[in-house]
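Counting starts at 1 for both ligands and their atoms, in listed order. Quick caveat, the model's predicted, so the values are computed rather than measured.
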Amino acid sequence: MKDKREELVEKLLNQGYIKTGKVKKAMLHVPREEFMPPEIRRYAYLDRPLPIGRGQTISAPHMVAIIAEQLDLDEGMKILEIGTGLGYNAAVVSEIIGGSGHVYTVERIPSLAEKARENLEKTGYNHKITVISGDGTLGYPEKAPFDRIYGTASSPKIPEPLKKQLRIGGKLIIPLGSANYFQELVSVQRISDDEFKSEDLGGVAFVPMIGEHGWPED
Ligand code: SAM
């Protein structure tokens with residue numbers, strides 16, 4: 001599996017998704033197969049999103065690379081992720097911010113949150129990543145403000161609580177747009193208490209962020 005991981009990282013570098021040494025090192029280190037159900041592990045190093053149950057997916061590696069690069073991460077940062085899935089993206093981010101940083105990640109489907117906790121324990125990330133079961137559109141006020149916030153599910157608009165919980169100078173990355181797989185990845189920087197500067201990073205396809213400040217449940 002390690003050879004296949006090296007090949008995939010090389011491909012993502014050549015395609016320009018991985019740009020920095022820190023993202024390369026993290027993606028070489030984190031075993032994606034350990035974050036997948038056994039029946040699909042053999043596909044772990046294809047650059048594709050894959051089904052993880054309950055209609056959800058593990059994000060494609062190139063998407064994890066794009067988010068990690070755009071977040072412009074540094075050691076010691078405090079991060080909030082909305083949409084844990086099975087924990088892979090959070091592990092890559094944790095690897096970059098190191099032992100002095102912490103990732104808080106919120107997942108709305110309790111069985112996925114539980115499985116993610118198991119995966120993170122098995123791979124040794126459980127002391128640096130806290131999985132919270134609940135509606136991530138509310139953020140996680142207990143640990144705010146965050147240096148970086150990112151969503152791995154798409155919302156019709158930026159959930160207000162996330163803007164409030166972003167540190168001044170901090171960055172938020174989230175897919176915005178329709179619920180049905182056509183969205184723009186948007187990066188927002190908090191300039192002051194009530195000033196935000198946003199930048200469009202291009203088209204993406206994510207599952208919907210369902211919650212009080214996202215899409216309503218069917
Ligand atoms: N970060 C994951 C990874 O490493 O592959 C991506 C998981 S998937 C693309 C998005 C996840 O967002 C799903 O597990 C879904 O249940 C979750 N989700 C959707 N709406 C949510 C919400 N309001 N709060 C928390 N999680 C949510």
Side-chain angles (χ1 to χ4, degrees), residues 8 23 26-27 29-37 40-41 43-68 70-71 73 79-96 103-120 123 125 129-141 146 148-162 165 172-183 185 204-218:
L8 174 65
V23 173
M27 292 193 71
H29 192 82
V30 180
R32 190 170 183 249
E33 68 276 16
E34 298 292 341
F35 294 84
M36 300 178 114
I40 58 167
R41 275 189 195 153
Y43 305 123
Y45 295 104
L46 295 181
D47 186 18
R48 286 207 209 137
L50 292 163
I52 55 173
R54 304 289 309 268
Q56 304 306 322
T57 54
I58 176 169
S59 298
H62 75 270
M63 197 46 71
V64 173
I66 291 175
I67 289 178
Q70 289 294 338
L71 283 171
L73 298 163
I79 315 283
L80 177 66
E81 177 189 61
I82 317 303
T84 316
L86 292 179
Y88 173 69
N89 201 335
V92 170
V93 167
S94 172
E95 197 57 43
I96 300 170
V103 181
Y104 296 88
T105 175
V106 190
E107 171 55 53
R108 74 175 267 277
I109 300 178
S111 58
L112 290 180
E114 196 42 49
K115 193 76 210 152
R117 284 188 198 104
E118 284 171 30
N119 292 341
L120 292 166
T123 47
Y125 289 98
I129 302 177
T130 305
V131 181
I132 300 115
S133 219
D135 176 5
T137 68
L138 302 171
Y140 191 49
F146 297 95
R148 301 287 186 267
I149 299 178
Y150 67 100
T152 66
S154 72
S155 181
K157 58 182 185 335
I158 302 171
E160 272 311 306
L162 301 188
Q165 291 171 34
L172 183 159
I173 294 187
I174 187 167
L176 296 180
S178 80
N180 296 320
Y181 300 98
F182 294 103
Q183 304 107 24
L185 192 64
V204 288
F206 278 90
V207 296
M209 188 178 282
I210 297 167
E212 192 175 324
H213 299 268
W215 294 102
E217 205 151 352
D218 283 339

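- Under 3.5 Å, the side chains of Tyr150 and Gln70 contain no donor-acceptor pair of N or O atoms.
- Under a 4.0 Å criterion applied to the non-hydrogen atoms of Glu81, ligand 1 contributes the atoms 1 (N).
- For ligand 1, the atoms sitting less than 4.0 Å from at least one non-hydrogen atom of Gly134 are 24 (N), 25 (C), numbered in the order shown with element in parentheses.
- Comparing Arg54, Gln56, Arg108 against atom 15 (C) of ligand 1, the shortest heavy-atom distance belongs to Gln56.
- Backbone and side-chain nitrogen or oxygen atoms of Gly136 are examined, and one is located within less than 3.5 angstrom of a nitrogen or oxygen of ligand 1.
- Checked by distance only, ligand 1 and Ile210 come closer than 3.5 Å through their nitrogen or oxygen atoms.
- Taking a cut-off of under 4.0 Å to the non-hydrogen atoms of Thr57, the atoms of ligand 1 that pass are 6 (C), 7 (C), 8 (S), 9 (C).
- Heavy-atom proximity to Gly85, at under 4.0 Å, picks out these atoms of ligand 1: 7 (C), 14 (O).
- At distances below 3.5 Å, not a single donor-acceptor pair connects side-chain atoms of Arg148 with backbone N or O atoms of Ile79.
- By the criterion of a heavy-atom distance under 4.0 Å, the side chain of Leu112, and not its backbone, is placed next to ligand 1.
- Of the candidates Ser59, Pro208, Ser133, Pro175, it is Pro208 that places a heavy atom closest to atom 19 (C) of ligand 1.
- With a heavy-atom cut-off of 4.0 Å, Leu86 does not touch ligand 1 at all.
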- request: Begin from the C-alpha positions of Thr84 and Glu107 and carry the test side-chain hydrogen bond (donor to acceptor under 3.5 Å, both in side chains) through to its verdict.
  value: CA-CA 5 Å; Thr84 316; Glu107 171 55 53; 4.5 Å; no
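- Every atom of ligand 1 with a heavy atom of Ile109 under 4.0 Å away is listed here by number and element: 16 (O).
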